[in-house]
Amino acid sequence: MSTTFVEEKPTQNLEAFKGVKKVPYEEYYTSGHRTCQGCESAQIMKLMAKAAGPRTIVLGSTGCMYVANTSYYATPWGVPWMHTQLGSAGSGALGVAAALRAQMRKGSMKDEPINVIAFCGDGGGADMGLGAISATMTHPDYNLLILLYDNETYANTDIQISGTSPYGVNTSFSTPGKVKRIMHHRWKKNVAPLIAAGHPTCKYVGTISTSYPLQAMNNIRKALSIGGPTFIHCLNPCPKGWDFDPVLSFQLGELAVNTGIWPLYEIENGKLKLYGKTEQIARGKFKRLPVREYLLKQGRFAHFVEEDIEFFQSKVDEMWEKWLVPGVIPLQKEI
Amino acid sequence: MATTTLPVEEKKQVQEQEALITGAEAIAIACKLANVDVVTAYPIRPYDTVMQYMSQLVADGEMDCEFIVAEGEHSQFEIVKHASVCGARVFCGSSGVGWMYAMEALTVTPALRVPMVAMVGNRALDDPGAFGVEHNDALAVRDLGWLLTWVDSAQEALDTALIAYRVAEDRRMFVPLALSCDGAFLTHSQALVEIPSAEQVKKFLPRYDRGELLLHPDNVISVAPQANEDWVMEIRRQNYAVTERACDVIREVYADFEKTFGRKYGNPFFEEYMTQDAEVVLLGMGTMSTPVKVAVRKLREEGKKVGFVRLRWFRPFAGPEIAKCLERFKAIGVIDRDFSFGSPNLSGVVATELRSAMYTGASTRPPVLDFICGLGGREVTVPDVEAITQSVFEAAKGKAQPLTQWIGLRG
Ligand SMILES: Cc1ncc(C[n+]2csc(CCOP(=O)(O)OP(=O)(O)O)c2C)c(N)n1
Ligand code: SF4
Ligand SMILES: [Mg+2]
């Protein structure tokens, strides 16, 4: 038998919260931030900090959750937090985990499991920092979580398309014009399966939504407990960038799932499991809602004509009907 | 190299062994002695031999650290930056375009007040490709708060690496330090090096203590929140204060180094060679010291009173001290192994900097000529130095000389 040179370190082994009433009152992400009303990206910060608890170090990539979120003399963080560069969530988490490990081994720091979380936006994580996250996901010896909060644009720089922006969306880099109604004709990047398929070392990859907060927290706890590098992709409705009334934030998160646009799943030790409404859709217990109901609530799709809505619907249908795993793995079933 | 050593008896107590090693190997050994916690590597010649040696030290169980091979230099420097904020002693390095690829990380590291020691194996920047030495890579960060030092021997590389940790991790500093070694001439050239014992190093180098700036659950802080115009200027001013203290801290550390290890470097900021009765002087950084010293000796035999000053520290630039040293000469010839296109007088970086220091710090106004030489790894030859000296003597006699000359060009 070949010896393994991987030295696994124990995690905090955080058990799932058994119901909303069992969730602790303590907040580690509190007042002080200046995000927009109805900002679901800020919501996942709160859930993430609560799920992880006090023995945690959080790194935050540049983006709304840095600039609008963490101002000098008004930090909302109740756990140690550090700004990390836009493309550095992966490398930052690795550096922190390595520092803890080395010092604990050498006895210069108390040996205990400490959660390491680096969050990044879709611009930071799905575009610029993807290479660094990919590298980090190949390191079996470090316990850490990369949480990608996805508001589907470079929001902080005034809403520009990123690799995860939906087809046809109106952003400040893709405004409809006299000749071209659709300036953005790429389909959203499928980040979580990309990480899962390419990084066998990574024991937990999953998608979450802030509209299912208990589930989101428990999945974060699972990712932090399983050991090694892990990855979670969260969809976060953004009233400013998506152009909707903040009162609709929660509902839009649900609609993204119920229309089949944002499938919820976990890939734990290589095993894929759909959950929530997504699972019900796959089992035929819940009929997908038309994407129209989701799109027409948002100003960013206000320029869509019938043809565009139909195209969008056809792509989502294709995802569910033709892909190897509904909405997750884009290989045609016939192959 | 102007070091003096202790008598044999005393030497035995402080040194463990003497070995024939390269500059890169010397720095790897220094990191082992410094008990570095986190090392990040990425391949690019010529610095990367240091990482080859280090990975071997780790594999052989001689060095206990996290040794991470990153997927690019940006990550390489970001990993150690974050590790240092969490209290780890760190090492990394790069060369040429690799160093430039890390530029964002290089920018934020001093701004965040993060100590780090990085080896730069100086290399020409692309394009066109060249492995050889040029100093523009390390010099690119000269305005950002990095400490920049150049060494010219494997012994000095080892010693300065130890000094580097003491200086960078000093609470009054907390800034990154780039230790520059000329590609090939130093990184890959072997010399006999005295290697101090681990006990001596331990005495010289206290544990890195990040104190109340440590990122750890026992110390709930937010590092680098968005500050904008409300506070950025005050924060910059604090970082500026580091540069006000830098020379004193460096002097202190060299004095302590001498006390602990017995090797003397004299003035930490520059080395003077045959300057005592010199009429004109040459000035440069790094391993050009070897051909320049040979040439100086040759010229001396011909009765020409020329000396050489080798600059060790470019940041901090010990301006007043250097100006005071140089004001006594009739003319100064700077040899720049770099370029600064579009600069005043179209001179190199060192000459431009030196003229600025002389303008405010010197009581005389000797001509400061610049000679761009030895780019892309080309050798600085003895005839090159002779030609340079000739021009400097002409300037000393009052004959106008071009302020910038390219030396050793073909055809
Ligand atoms: C290297 C670099 N390039 C560009 C920027 C400018 N910038 C600041 S925030 C930001 C948006 C990041 O978008 P995302 O990661 O999606 O986060 P969001 O703002 O949407 O929360 C950009 C591009 C930067 N900070 N750093
Ligand atoms: S722009 Fe969007 S992501 Fe940014 S703070 Fe506002 S709602 Fe949140
Ligand atoms: Mg975004």
Side-chain angles (χ1 to χ4, degrees), chain A residues 28 32 34 53-60 62 66-103 105-106 108-110 112 114-116 118 129 131-132 134-136 138-139 141-142, chain B residues 35-40 42 59 64-90 92 102 104-105 107-109 111-112 114 207-210 213-228 230-232 234-235:
Chain A
Y28 300 100
R34 302 186 294 189
R55 304 309 282 175
T56 301
I57 294 172
V58 177
L59 306 176
T62 321
Y66 168 49
V67 179
N69 202 29
T70 313
S71 309
Y72 201 45
Y73 278 142
T75 178
W77 293 100
V79 284
W81 178 93
M82 174 172 163
H83 171 225
T84 199
Q85 296 310 114
L86 187 52
S88 298
S91 36
L94 201 56
V96 170
L100 298 181
R101 187 186 185 86
Q103 293 177 95
R105 182 177 62 240
K106 294 183 181 185
S108 47
M109 183 181 278
K110 190 183 140 221
E112 63 165 323
I114 293 175
N115 298 320
V116 176
S134 169
T136 296
T138 63
H139 282 273
D141 356 45
Y142 301 118
Chain B
N35 191 16
V36 169
D37 296 312
V38 179
V39 177
T40 53
Y42 190 82
D64 183 9
C65 69
E66 303 297 300
F67 183 82
I68 298 173
V69 180
E71 97 294 349
E73 288 88 354
H74 185 277
S75 289
Q76 191 194 352
F77 281 81
E78 279 289 278
I79 293 168
V80 282
K81 180 193 88 181
H82 285 83
S84 182
V85 175
C86 292
R89 176 168 290 163
V90 300
C92 63
E104 187 198 30
T107 308
V108 291
T109 304
L112 260 183
V114 177
R207 218 178 81 70
Y208 164 39
D209 180 4
R210 197 149 173 83
L213 298 178
L214 182 75
L215 191 70
H216 186 276
D218 288 343
N219 187 48
V220 181
I221 53 170
S222 287
V223 180
Q226 180 84 8
N228 293 338
D230 288 345
W231 287 106
V232 163
E234 283 69 24
I235 294 166

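Every heavy atom of this structure was used, including side-chain atoms; hydrogens, water molecules and symmetry mates were not.
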>> Go through it in stages, so that I can follow the logic: the residues are A:Met82 and B:Lys81, the test is side chain to side chain contact (heavy atoms under 4.5 Å, CB included), and I'd like the CA-CA distance, side-chain angles, deciding distance and then a yes or no.
In response: CA-CA 11 Å; A:Met82 174 172 163; B:Lys81 180 193 88 181; 3.8 Å; yes
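- Between the SG atom of B:Cys86 and the CZ atom of A:Arg101 there is a distance of 15.0 Å, given to the nearest 0.5 Å.
- If you measure heavy-atom distances from A:Tyr142 to chain B, the contacts under 4.5 Å come from the side chain alone.
- When each of A:Ala132, A:Gly60, A:Ala135 is scored by its heavy-atom pairs under 4.5 Å with chain B, the top score falls to A:Ala132.
- By the 4.5 Å heavy-atom criterion applied to side chains, B:Pro217 and A:Ile57 are counted as neighbours.
- Put simply, the side chain of B:Gln226 does not reach to within 4.5 Å of the side chain of A:Thr70, judged on heavy atoms.
- Inter-residue side-chain proximity for B:His216 and A:Ile114 is flagged as met; some heavy-atom pair is nearer than 4.5 Å.
- At a 4.5 Å heavy-atom cutoff, B:Val80 makes no contact with chain A through either its backbone or its side chain.
- No donor-acceptor pair closer than 3.5 Å links the side chain of B:Glu71 to the backbone N or O of A:Ser91.
- Between B:Asp64 and A:Arg105 there is a salt bridge, with a side-chain nitrogen of the basic residue lying less than 4.0 Å from a carboxylate oxygen of the acidic one.
- Side-chain contact between A:His83 and B:Leu112 is absent, with no heavy atoms from C-beta onward closer than 4.5 Å.
- With chain B as the partner, the residue from A:Gly95, A:Ala93, A:Gly78 showing the most heavy-atom pairs under 4.5 Å is A:Gly95.
- Counting heavy atoms from C-beta outward, B:Glu78 and A:Thr84 have side chains that approach closer than 4.5 Å.
- Salt-bridge check for B:Asp218 with A:Arg55: passed, with a basic side-chain N closer than 4.0 Å to an acidic carboxylate O.
- The distance from the CH2 atom of A:Trp81 to the OG atom of B:Ser222 is 6.5 Å, given to the nearest 0.5 Å.
- For a residue to count as touching a neighbouring chain, one of its non-hydrogen atoms must lie under 4.5 Å from one of that chain's; by this rule B:Val36 touches chain A with the backbone only.
- At least one side-chain heavy atom of B:Ile235 sits less than 4.5 Å from a side-chain heavy atom of A:Tyr72.
- Contacts between B:Arg207 and chain A at a heavy-atom distance below 4.5 Å involve the side chain alone, from C-beta outward.
- Only the backbone of A:Thr56 comes within less than 4.5 Å of a heavy atom in chain B; its side chain stays farther off.
- Of the atoms belonging to B:Ile221, it is backbone heavy atoms, and not side-chain ones, that fall under 4.5 Å from chain A.
- Between the CD1 atom of B:Ile79 and the OG atom of A:Ser88 there is a distance of 9.5 Å, given to the nearest 0.5 Å.
- Interface check for chain B: of the options A:Val58, A:Leu94, A:Leu86, A:Thr138, the most heavy-atom pairs under 4.5 Å are formed by A:Leu94.
- In this structure, the portion of A:Gln103 lying under 4.5 Å from any heavy atom of chain B is its side chain and not its backbone.
- Residue contact with chain B, scored on non-hydrogen atoms closer than 4.5 Å, is absent for A:Thr136.
- The side-chain heavy atoms of B:Val85 and A:Val96, taken from C-beta on, include no pair separated by under 4.5 Å.
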